[in-house]
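Below is one structure, written out as C-alpha coordinates; the observations come after it.
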Amino acid sequence: NPSIPDDFSLLQDEADWAPTPWSEIRKKCANKRQRDEPTTEEEYNVSLPSTLMPPSVLTSVLPAIPRHKRHEPPRKTEEAPQQVLERLLATRGYDPKFRIASEVSCYETTPSALQLASFGTELVKAVHLSDVNKLRSLLRTGLSPNPCNQFRDSILDLVCKRANSAVFNVFAEFGCDLRVCDGFGRTPLHHCTWSPEFNGNIVCRILTADPQQLFMEDKRGQVPLEYIKNEPAADWIEFLERYFDQLFPAGVPQNATRK
(Lines give C-alpha, C1' and ligand atoms only; values in the text may rest on other atoms or scores of the structure.)
Protein backbone atom coordinates (compact mmCIF):
# COMPACT_ATOMS: atom_id res chain seq x y z
CA ASN A 1 0.00 0.00 0.00
CA PRO A 2 1.27 3.50 -0.70
CA SER A 3 2.34 5.36 2.39
CA ILE A 4 -0.03 7.98 3.76
CA PRO A 5 1.68 11.27 4.62
CA ASP A 6 1.86 12.01 8.35
CA ASP A 7 0.88 15.59 7.82
CA PHE A 8 -0.97 17.63 5.25
CA SER A 9 1.33 19.21 2.69
CA LEU A 10 0.17 22.01 0.43
CA LEU A 11 -0.26 20.89 -3.15
CA GLN A 12 1.90 23.11 -5.33
CA ASP A 13 -0.48 22.86 -8.27
CA GLU A 14 -3.56 23.97 -6.30
CA ALA A 15 -3.49 27.51 -7.71
CA ASP A 16 -7.20 28.02 -7.08
CA TRP A 17 -6.90 27.29 -3.38
CA ALA A 18 -6.92 30.77 -1.89
CA PRO A 19 -9.21 30.96 1.15
CA THR A 20 -10.05 34.26 2.75
CA PRO A 21 -7.96 34.53 5.95
CA TRP A 22 -9.98 34.23 9.14
CA SER A 23 -8.60 37.53 10.41
CA GLU A 24 -9.83 39.37 7.29
CA ILE A 25 -13.38 38.05 7.77
CA ARG A 26 -13.35 39.17 11.41
CA LYS A 27 -12.05 42.63 10.44
CA LYS A 28 -14.69 43.00 7.75
CA CYS A 29 -17.39 42.03 10.24
CA ALA A 30 -16.12 44.56 12.81
CA ASN A 31 -16.13 47.36 10.20
CA LYS A 32 -19.73 46.54 9.25
CA ARG A 33 -20.77 46.72 12.87
CA GLN A 34 -19.21 50.17 13.23
CA ARG A 35 -21.26 51.31 10.22
CA ASP A 36 -24.40 49.52 11.50
CA GLU A 37 -24.45 47.40 8.36
CA PRO A 38 -25.86 43.85 8.40
CA THR A 39 -23.40 40.97 8.43
CA THR A 40 -23.68 37.67 6.58
CA GLU A 41 -24.22 34.44 8.50
CA GLU A 42 -20.62 33.39 7.77
CA GLU A 43 -19.26 36.69 9.09
CA TYR A 44 -21.39 36.46 12.23
CA ASN A 45 -20.37 32.88 12.98
CA VAL A 46 -16.67 33.54 12.47
CA SER A 47 -16.87 36.57 14.74
CA LEU A 48 -18.09 34.40 17.61
CA PRO A 49 -15.64 33.18 20.25
CA SER A 50 -14.50 29.65 19.42
CA THR A 51 -16.33 28.22 22.44
CA LEU A 52 -19.64 29.49 21.03
CA MET A 53 -19.21 28.32 17.45
CA PRO A 54 -21.86 25.83 16.28
CA PRO A 55 -20.46 22.39 15.33
CA SER A 56 -21.10 22.93 11.62
CA VAL A 57 -19.10 26.16 11.67
CA LEU A 58 -16.20 24.70 13.61
CA THR A 59 -15.07 22.59 10.68
CA SER A 60 -15.61 25.29 8.07
CA VAL A 61 -14.30 28.58 9.40
CA LEU A 62 -10.81 27.59 8.34
CA PRO A 63 -10.49 25.43 5.23
CA ALA A 64 -8.61 22.18 5.45
CA ILE A 65 -5.19 22.16 3.88
CA PRO A 66 -5.30 20.10 0.66
CA ARG A 67 -3.79 16.66 0.97
CA HIS A 68 -1.99 14.38 -1.43
CA LYS A 69 -4.61 12.13 -2.95
CA ARG A 70 -4.41 8.40 -3.51
CA HIS A 71 -4.87 7.76 -7.19
CA GLU A 72 -5.46 4.00 -7.17
CA PRO A 73 -9.06 2.74 -7.01
CA PRO A 74 -10.24 1.35 -3.67
CA ARG A 75 -9.58 -2.35 -3.16
CA LYS A 76 -12.73 -4.45 -3.13
CA THR A 77 -13.54 -6.41 0.00
CA GLU A 78 -15.95 -9.28 0.46
CA GLU A 79 -16.56 -8.41 4.12
CA ALA A 80 -17.16 -5.09 5.81
CA PRO A 81 -14.69 -4.16 8.59
CA GLN A 82 -17.33 -4.71 11.30
CA GLN A 83 -18.05 -8.17 9.90
CA VAL A 84 -14.34 -8.98 10.00
CA LEU A 85 -14.11 -7.87 13.64
CA GLU A 86 -17.12 -10.00 14.59
CA ARG A 87 -15.66 -13.02 12.80
CA LEU A 88 -12.32 -12.62 14.55
CA LEU A 89 -14.00 -12.19 17.94
CA ALA A 90 -15.99 -15.37 17.42
CA THR A 91 -12.81 -17.37 16.74
CA ARG A 92 -11.60 -16.38 20.22
CA GLY A 93 -14.84 -17.25 21.96
CA TYR A 94 -16.00 -13.67 22.48
CA ASP A 95 -19.56 -12.55 21.83
CA PRO A 96 -19.32 -11.06 18.31
CA LYS A 97 -22.41 -8.90 18.94
CA PHE A 98 -21.09 -7.35 22.16
CA ARG A 99 -21.70 -3.59 22.33
CA ILE A 100 -21.51 -0.81 24.90
CA ALA A 101 -24.47 1.59 24.81
CA SER A 102 -23.56 5.28 24.83
CA GLU A 103 -25.62 5.99 27.95
CA VAL A 104 -23.62 3.51 30.04
CA SER A 105 -20.16 4.33 28.70
CA CYS A 106 -19.44 6.97 31.37
CA TYR A 107 -17.47 8.92 28.75
CA GLU A 108 -19.87 11.87 28.72
CA THR A 109 -18.52 14.63 30.93
CA THR A 110 -19.16 18.35 31.28
CA PRO A 111 -16.28 20.37 29.77
CA SER A 112 -14.12 22.06 32.38
CA ALA A 113 -13.47 25.79 32.39
CA LEU A 114 -9.89 25.06 31.26
CA GLN A 115 -11.07 22.96 28.31
CA LEU A 116 -13.42 25.73 27.16
CA ALA A 117 -10.82 28.46 27.65
CA SER A 118 -8.21 26.41 25.76
CA PHE A 119 -10.46 26.13 22.72
CA GLY A 120 -9.39 29.48 21.34
CA THR A 121 -8.68 31.05 17.99
CA GLU A 122 -4.92 30.52 17.97
CA LEU A 123 -5.11 26.85 18.92
CA VAL A 124 -7.83 26.13 16.35
CA LYS A 125 -5.78 27.91 13.70
CA ALA A 126 -2.61 25.98 14.58
CA VAL A 127 -4.50 22.69 14.22
CA HIS A 128 -6.09 23.62 10.89
CA LEU A 129 -2.72 24.69 9.51
CA SER A 130 -0.87 21.68 10.99
CA ASP A 131 1.51 24.09 12.72
CA VAL A 132 2.93 21.65 15.27
CA ASN A 133 5.51 24.11 16.59
CA LYS A 134 2.84 26.70 17.33
CA LEU A 135 0.63 24.00 18.86
CA ARG A 136 3.42 22.83 21.19
CA SER A 137 4.11 26.40 22.20
CA LEU A 138 0.46 26.95 23.10
CA LEU A 139 0.14 23.70 25.05
CA ARG A 140 3.32 24.50 27.00
CA THR A 141 1.58 27.57 28.40
CA GLY A 142 -0.81 25.29 30.28
CA LEU A 143 -3.70 24.93 27.85
CA SER A 144 -5.71 21.72 28.10
CA PRO A 145 -4.64 18.91 25.72
CA ASN A 146 -8.38 18.14 25.46
CA PRO A 147 -9.81 21.50 24.32
CA CYS A 148 -13.45 21.51 23.31
CA ASN A 149 -16.37 23.90 22.92
CA GLN A 150 -19.65 24.03 24.82
CA PHE A 151 -21.10 21.40 22.47
CA ARG A 152 -18.28 19.00 23.49
CA ASP A 153 -16.86 19.17 19.96
CA SER A 154 -13.22 18.36 20.56
CA ILE A 155 -10.22 19.52 18.57
CA LEU A 156 -9.01 15.92 18.80
CA ASP A 157 -12.09 14.79 16.87
CA LEU A 158 -11.17 17.09 13.98
CA VAL A 159 -7.62 15.75 14.01
CA CYS A 160 -8.91 12.17 13.81
CA LYS A 161 -11.29 12.99 10.97
CA ARG A 162 -8.41 14.46 9.00
CA ALA A 163 -6.03 11.58 9.80
CA ASN A 164 -3.37 14.08 10.85
CA SER A 165 -0.69 12.10 12.70
CA ALA A 166 1.61 15.06 13.26
CA VAL A 167 -0.99 17.06 15.18
CA PHE A 168 -2.40 13.98 16.95
CA ASN A 169 1.06 13.08 18.23
CA VAL A 170 1.48 16.54 19.76
CA PHE A 171 -1.74 16.20 21.75
CA ALA A 172 -0.69 12.70 22.82
CA GLU A 173 2.70 14.08 23.86
CA PHE A 174 0.91 16.46 26.23
CA GLY A 175 -1.26 13.73 27.72
CA CYS A 176 -4.62 14.10 26.00
CA ASP A 177 -7.34 11.82 27.32
CA LEU A 178 -8.62 9.46 24.60
CA ARG A 179 -11.48 8.11 26.74
CA VAL A 180 -13.90 10.83 25.70
CA CYS A 181 -16.95 11.30 23.50
CA ASP A 182 -18.76 14.23 21.92
CA GLY A 183 -22.37 15.30 22.28
CA PHE A 184 -23.43 12.53 19.89
CA GLY A 185 -21.66 9.85 21.93
CA ARG A 186 -18.90 9.48 19.33
CA THR A 187 -15.42 8.54 20.49
CA PRO A 188 -12.11 9.42 18.81
CA LEU A 189 -12.29 6.05 17.02
CA HIS A 190 -15.70 6.97 15.59
CA HIS A 191 -14.13 10.09 14.12
CA CYS A 192 -11.23 8.09 12.68
CA THR A 193 -13.70 5.95 10.75
CA TRP A 194 -15.28 9.06 9.25
CA SER A 195 -11.99 9.93 7.57
CA PRO A 196 -11.61 9.05 3.88
CA GLU A 197 -8.07 7.93 4.72
CA PHE A 198 -6.92 5.23 7.12
CA ASN A 199 -4.16 6.28 9.52
CA GLY A 200 -2.68 3.28 11.32
CA ASN A 201 -0.64 5.40 13.72
CA ILE A 202 -3.68 7.19 15.16
CA VAL A 203 -5.88 4.08 15.25
CA CYS A 204 -3.14 2.02 16.92
CA ARG A 205 -2.59 4.63 19.63
CA ILE A 206 -6.31 4.89 20.36
CA LEU A 207 -6.84 1.13 20.55
CA THR A 208 -3.69 0.57 22.59
CA ALA A 209 -5.03 3.03 25.16
CA ASP A 210 -8.68 2.00 24.94
CA PRO A 211 -9.59 -1.10 22.88
CA GLN A 212 -13.20 -0.99 24.10
CA GLN A 213 -13.88 1.88 21.71
CA LEU A 214 -14.37 -0.81 19.05
CA PHE A 215 -17.59 -1.76 20.85
CA MET A 216 -18.94 1.62 21.90
CA GLU A 217 -22.15 2.80 20.29
CA ASP A 218 -22.93 6.43 19.58
CA LYS A 219 -26.40 7.84 20.19
CA ARG A 220 -27.53 6.43 16.84
CA GLY A 221 -26.58 2.95 18.03
CA GLN A 222 -23.62 2.73 15.63
CA VAL A 223 -20.21 1.34 16.57
CA PRO A 224 -17.17 2.93 14.87
CA LEU A 225 -16.45 0.32 12.20
CA GLU A 226 -20.00 0.62 10.86
CA TYR A 227 -19.19 4.10 9.55
CA ILE A 228 -16.29 3.04 7.33
CA LYS A 229 -16.79 3.78 3.65
CA ASN A 230 -15.60 1.64 0.74
CA GLU A 231 -12.37 3.51 -0.02
CA PRO A 232 -10.45 2.85 3.23
CA ALA A 233 -12.23 -0.43 4.12
CA ALA A 234 -9.43 -2.70 2.88
CA ASP A 235 -6.85 -0.84 5.00
CA TRP A 236 -9.02 -1.21 8.11
CA ILE A 237 -9.48 -4.94 7.45
CA GLU A 238 -5.76 -5.43 6.95
CA PHE A 239 -5.10 -3.63 10.24
CA LEU A 240 -7.65 -5.73 12.16
CA GLU A 241 -6.31 -9.01 10.83
CA ARG A 242 -2.69 -8.07 11.42
CA TYR A 243 -3.05 -6.69 14.95
CA PHE A 244 -6.00 -8.67 16.32
CA ASP A 245 -3.71 -10.94 18.38
CA GLN A 246 -2.20 -7.89 20.07
CA LEU A 247 -5.59 -6.33 20.79
CA PHE A 248 -7.18 -9.57 21.98
CA PRO A 249 -4.47 -12.01 23.14
CA ALA A 250 -5.55 -15.62 23.44
CA GLY A 251 -6.49 -16.57 26.99
CA VAL A 252 -6.49 -12.98 28.28
CA PRO A 253 -9.90 -11.63 29.41
CA GLN A 254 -10.90 -8.47 27.59
CA ASN A 255 -13.79 -6.02 27.79
CA ALA A 256 -15.70 -8.00 25.17
CA THR A 257 -17.47 -10.65 27.22
CA ARG A 258 -16.98 -14.32 26.60
CA LYS A 259 -19.84 -16.36 25.21
Side-chain angles (χ1 to χ4, degrees), residues 1-4 6 74-75 77-102 104-108 145-146 154 156-157 159-169 171-173 175-182 184-218 220-259:
N1 298 334
S3 60
I4 299 174
D6 282 342
R75 290 175 286 161
T77 59
E78 295 182 357
E79 294 178 288
Q82 180 63 25
Q83 293 175 318
V84 171
L85 175 63
E86 292 175 0
R87 171 172 56 80
L88 293 172
L89 288 170
T91 64
R92 287 289 168 81
Y94 294 101
D95 179 1
K97 299 299 182 182
F98 175 75
R99 291 175 179 239
I100 303 172
S102 62
V104 299
S105 67
C106 300
Y107 279 30
E108 292 194 42
N146 283 94
S154 169
L156 194 63
D157 296 340
V159 174
C160 291
K161 283 179 182 176
R162 295 182 177 186
N164 193 331
S165 278
V167 172
F168 182 92
N169 290 340
F171 282 111
E173 176 186 328
C176 68
D177 186 2
L178 297 174
R179 295 177 175 86
V180 293
C181 68
D182 62 17
F184 297 100
R186 291 170 185 152
T187 65
L189 189 64
H190 276 99
H191 291 283
C192 284
T193 62
W194 281 45
S195 173
E197 296 181 6
F198 173 76
N199 189 299
N201 171 60
I202 294 178
V203 173
C204 190
R205 296 191 74 154
I206 291 173
L207 292 180
T208 298
D210 189 22
Q212 77 172 9
Q213 288 192 29
L214 282 168
F215 311 104
M216 293 183 63
E217 295 179 336
D218 61 15
R220 292 182 56 192
Q222 302 283 99
V223 291
L225 300 187
E226 291 177 331
Y227 282 110
I228 297 172
K229 304 299 182 184
N230 291 335
E231 185 174 347
D235 292 330
W236 279 93
I237 291 172
E238 182 179 342
F239 174 86
L240 289 170
E241 292 179 334
R242 179 178 297 180
Y243 295 105
F244 186 77
D245 287 339
Q246 295 181 34
L247 293 170
F248 300 95
V252 179
Q254 295 286 328
N255 290 315
T257 57
R258 293 280 185 181
K259 290 180 181 178

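For reference, positions follow the sequence shown, starting with 1. Quick caveat, the model's predicted, so the values are computed rather than measured.
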Identify the heavy atoms of [X] and [Y] that sit nearest to each other, and give their distance.
X: D218; Y: F184; value: CB-O, 3.3 Å
X: I206; Y: C160; value: CD1-SG, 4.2 Å
X: P232; Y: S195; value: CG-O, 4.0 Å
X: I202; Y: C192; value: CG2-SG, 3.6 Å
X: A209; Y: L178; value: CB-CD1, 3.9 Å
X: V180; Y: Y107; value: N-CD2, 3.6 Å

Separation between [atom1] of [X] and [atom2] of [Y], rounded to the nearest 0.5 Å:
X: F171; Y: L156; atom1: CZ; atom2: CG; answer: 7.0 Å
X: I237; Y: Q83; atom1: CD1; atom2: CD; answer: 8.5 Å
X: E108; Y: S102; atom1: CD; atom2: OG; answer: 6.0 Å
X: L207; Y: L189; atom1: CG; atom2: CG; answer: 5.5 Å
X: N164; Y: N199; atom1: CG; atom2: CG; answer: 8.5 Å
X: T187; Y: Q213; atom1: OG1; atom2: CD; answer: 4.0 Å

side-chain hydrogen bond (donor to acceptor under 3.5 Å, both in side chains) against [X], all qualifying residues, sequence neighbours excluded:
X: E173; result: R136
X: H191; result: D157, D182
X: D177; result: none
X: T193; result: none

How are the rings of Y227 and W194 set relative to one another: parallel (under 30°), tilted (30 to 60°) or perpendicular (over 60°)?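 Because their plane-to-plane angle lies in the 30° to 60° range, the rings of Y227 and W194 count as tilted.
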Check side chain to side chain contact (heavy atoms under 4.5 Å, CB included) between [X] and all other residues, then give those that pass, not counting sequence neighbours.
X: N169; value: S165, N201, R205
X: A101; value: E103, V104, E217
X: E226; value: Q82, R99, Q222, V223

Test side chain to side chain contact (heavy atoms under 4.5 Å, CB included) applied to Y94 and L88, step by step: CA-CA 9 Å; Y94 294 101; L88 293 172; over 6 Å; no
Ignoring hydrogens and angles, tell me if any N or O in the side chain of R92 forms a donor-acceptor pair with the backbone of D245 under 3.5 Å.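 A pair under 3.5 Å: no.
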Partners of R220 by salt bridge (charged side-chain N to carboxylate O under 4.0 Å, His left out), sequence neighbours excluded?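 Residues passing salt bridge (charged side-chain N to carboxylate O under 4.0 Å, His left out) with R220: none at all.
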Heavy atoms, side chains only, cut-off 4.5 Å: are R186 and C181 in contact?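 No; the side chains remain at least 4.5 Å from each other.
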Do W236 and V84 come within less than 4.5 Å of each other through their side chains, counting heavy atoms only?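 Sidechains of V84 and W236: no contact.
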Using ring pair (Phe, Tyr, Trp, His ring centres under 6.0 Å) as the criterion, list what pairs up with F239, not counting sequence neighbours.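 Ring pair (Phe, Tyr, Trp, His ring centres under 6.0 Å) check on F239 returns F198, Y243.
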